[in-house]
Amino acid sequence: MAYTRIWHSLNETGTHSTPVYSEHERLEIRGHFAFPPQHLLDIGCAQGSVSAALKRDYPELSVWGIELNTEAADIAQKRLDVVSRHPLTELTPNELTELANIDTVLLLDVLEHMYQPWQTLQFLSQHLPKHAQVIVSLPNVMHINLLRDLSHGDWHYKQWGSLDVTHIRFFTPYEMRKMFYETGFKVESISHQVLQTEANQSFSADSVYPQWLEFEHMKLKVRDFEHWCDLHAVGLIFRIRIADD
C-alpha cells in the first residue's frame, strides 16, 4: 500500500482540502444544560447537525450558526435560522446587538482549531449576558495513548481525532480550566469522555489511591480518580459561565 502524507490533505490555508463533517448529534452535551436553550449561538456549527437536532427537540429554539467553510455553511443555512460566515470577532453592529440576547453558546471541538481561542472566549465573556451558559468540548492531549506514543518519540498527526492535522492548540484538562478562568469564566460542570476498556474497568472512584498504572514500558502514579479520568479521557465537556469577579 502506498504511503500517504497526511499534510497532502491540507490546502494552502492549512485546512482540509475536502472537509468531512460528522452528522453526529452530540446528545451527550445536553446533560450539561443548566436550563433549556431558547436563543443559541453555535460557533463552528459545520453543517448544523448538532443544532438542527436541538431545534427538533426544542421547538421554540432559535439558532444562529457561525461557520467559515462556505460549503458547510450552505448546508447549515438550510437547517438553522441564521448562519454567519465570518469570525466571531468580526461581528457586524447588528450581530453584536443580537449577541446580548443569546442564552446558550456551543463551542464543540472548535477552540483547538483557532490561533487565538483565548481571544474568542474573552470576547464572549465581554459581550454575553451574565446568565448565558457556554458548552465547550475539547480533545485531551493528556490521554494515555498519546503519552505512550510520545514516550516512543511519536506524535502522529491524522485526518481526524485528538491529533487532527488541522489542530493548532493542544490542552490538558488543567490547561483547559486555566484558559476559561483567564478569559473571564468559571467552570460549572465537567464530564470526561472515557472510552471504557477491559484494562481500565478495575479503576473507580472507590478504588484506593494513589496507585500505580503500568502501561507497556511506562509506569504512572495515579493520584486519585480525577487524575485517572484525566489520563483516560479522549476529551472533556464543560459548562462555563461568566465569572462574577
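Taking OG1 from Thr166 and NE2 from His113, the interatomic distance works out to 4.5 Å, rounded to the nearest 0.5 Å.
For the residue pair Asp230/His192, the side-chain donor-acceptor check at 3.5 Å is satisfied. Ser84 and Glu95 are linked by a side-chain donor-acceptor pair at a separation below 3.5 angstrom, with hydrogens and angles left out of the test. With no hydrogens or angles considered, a side-chain donor-acceptor pair links Arg26 and Ser137 at under 3.5 Å.
No donor-acceptor pair under 3.5 Å is formed between the side chain of Glu112 and the backbone N or O of Arg169. Between the side chain of Arg79 and the backbone N or O of Gln47 there is at least one donor-acceptor pair closer than 3.5 Å. Side-chain atoms of His232 come within 3.5 Å of backbone N or O of Trp228 as a donor-acceptor pair. Using a distance-only test at 3.5 Å, with no hydrogens or angles considered, no donor-acceptor pair links the side chain of Asp103 to the main chain of Ala132. Listed for the Glu25 side chain is no donor-acceptor partner under 3.5 Å among the backbone atoms of Ala53.
A salt bridge links Arg239 with Glu188; the closest basic N to acidic carboxylate O contact falls under 4.0 Å. Between Glu175 and Arg177 there is no salt bridge, since none of the side-chain N atoms of the basic residue sits less than 4.0 Å from a carboxylate O of the acidic one. Using a 4.0 Å cut-off between a side-chain N of Lys or Arg and a carboxylate O of Asp or Glu, Asp81 and Lys55 qualify as a salt bridge. Ion pairing between a basic and an acidic side chain is recognised when a charged N comes within 4.0 Å of a carboxylate O; Arg85 and Asp74 show such pairing.
With hydrophobic clusters built from ILVMFWY side chains whose heavy atoms lie under 4.5 angstrom apart, Val134 shares a cluster with Val187. Cluster annotation: Ile66 is connected to Trp118 through the hydrophobic network of ILVMFWY side chains, with a link wherever side-chain heavy atoms come within less than 4.5 Å.
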